[in-house]
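Just so you know, ligand 1 is whichever comes first in the structure, and atom 1 is the first atom listed for that ligand. Numbering starts at 1 and runs along the sequence shown. Treat the numbers as computed from the prediction; the structure is a model and nothing was measured. Note: hydrogens, waters and symmetry copies are ignored here, and every other heavy atom, side chains too, is used.
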Amino acid sequence: MRITVLGKSPSWQDVDGACSGYLIEEDGFRLLLDCGNGVFSKLRRFVDYVDVDAVVISHLHADHFLDLVPFSYALTYAPRQQPVPVGGFPGTDHPARPELHVPPGATELFRRVVGAWGNEDLIENAFAMREYDPGDELSAGPLRIRFQPVPHFVDSNAVEIASTNGGGRITYGADHAPTDHIVDFARDTDLLVIEATLPRPEREGPRGHITPGEAGEHARKAGAHRVLLTHFSDELGEDWAREDAEKAFGGPVEMAREGAIYDV
Ligand SMILES: [Zn+2]
Ligand SMILES: [Zn+2]
């Protein structure tokens with residue numbers, strides 16, 4: 001199984017960057033995990049968007065779903081997606097309509113977002129969209145997908161992608177406060193992709209994110225085989241972040257970089 005980092009920025013993009021998005025490929029099957037702002041254009045560097053088989057969204061924050069909007073426009077209006085010939089493109093009776101697995105409440109939220117200026121059903125028509133129950137186990141091509149609700153400012157779900165061909169297991173923490181749910185869910189995982197948003201813990205109010213040191217600690221407790229820190233800004237200071245994470249993890253830690261590829 002292969003994972004490509006399309007975007008690793010937190011809720012605002014790095015210079016030339018993108019927010020959360022990861023392309024996971026196994027046996028010719030292509031899954032996009034989160035689709036934050038900037039991700040659609042990065043995706044196109046690696047794969048034709050009509051060849052994406054499935055999209056999974058971890059939670060309903062803009063930096064994890066906003067590029068479903070341009071993705072939906074492409075699937076709806078691209079000349080090659082039309083039933084009749086347009087501009088030299090032959091028509092197609094089978095326009096691409098990838099599976100889209102979204103958290104509970106997404107249908108209503110997407111209608112409010114897109115309905116603010118246009119057709120409220122843009123996203124649900126462009127994709128084969130379905131709200132998952134975080135208790136569900138999904139099957140998508142050669143991949144098995146499981147969820148774990150984690151504490152955040154809104155309902156958020158860690159996502160496990162496991163190959164059914166013996167190709168390994170990736171655990172993606174999504175966005176979360178410190179939590180043992182991640183430790184249990186990621187137990188012995190091959191690759192833990194975990195957020196490292198904060199330079200220091202939130203000083204007041206409920207916690208919603210973790211620091212690089214806390215990320216390393218979660219990974220150590222889980223016994224993760226490899227650790228990839230993500231969801232940090234290019235303003236954070238990467239060397240410092242890596243050092244803190246490695247100290248807590250007790251081993252080497254990778255810092256996510258757009259375009260980086262990991263085989264699991
Ligand atoms: Zn986020
Ligand atoms: Zn979030």
query = Would you call E238 and R257 a side-chain contact if the rule is heavy atoms closer than 4.5 Å?
reply = yes
Considering only N, O or S atoms of H231, the one closest to the Zn ion (ligand 1) = NE2
message = Do R226 and F249 form a cation-pi contact, if we require the NZ or CZ to be under 6.0 Å from the six-membered ring centre and within 45 degrees of the ring's axis?
response = no
message = I want to check something: taking the side chain as every heavy atom from C-beta on, are F46 and E25 in contact at a cut-off of under 4.5 Å?
response = no
message = Could you check whether any side-chain heavy atom of L31 comes within less than 4.5 Å of a side-chain heavy atom of L23, counting everything from C-beta outward?
response = no
message = Is the shortest side-chain heavy-atom distance between P178 and R207 below 4.5 Å?
response = yes
Sphere of radius 2.8 Å around the Zn ion (ligand 2) - protein N, O or S atoms inside = H59 NE2, H61 ND1, H152 NE2, D175 OD2
key: Short N-O contact, K8 and D14, less than 4.0 angstrom   = yes
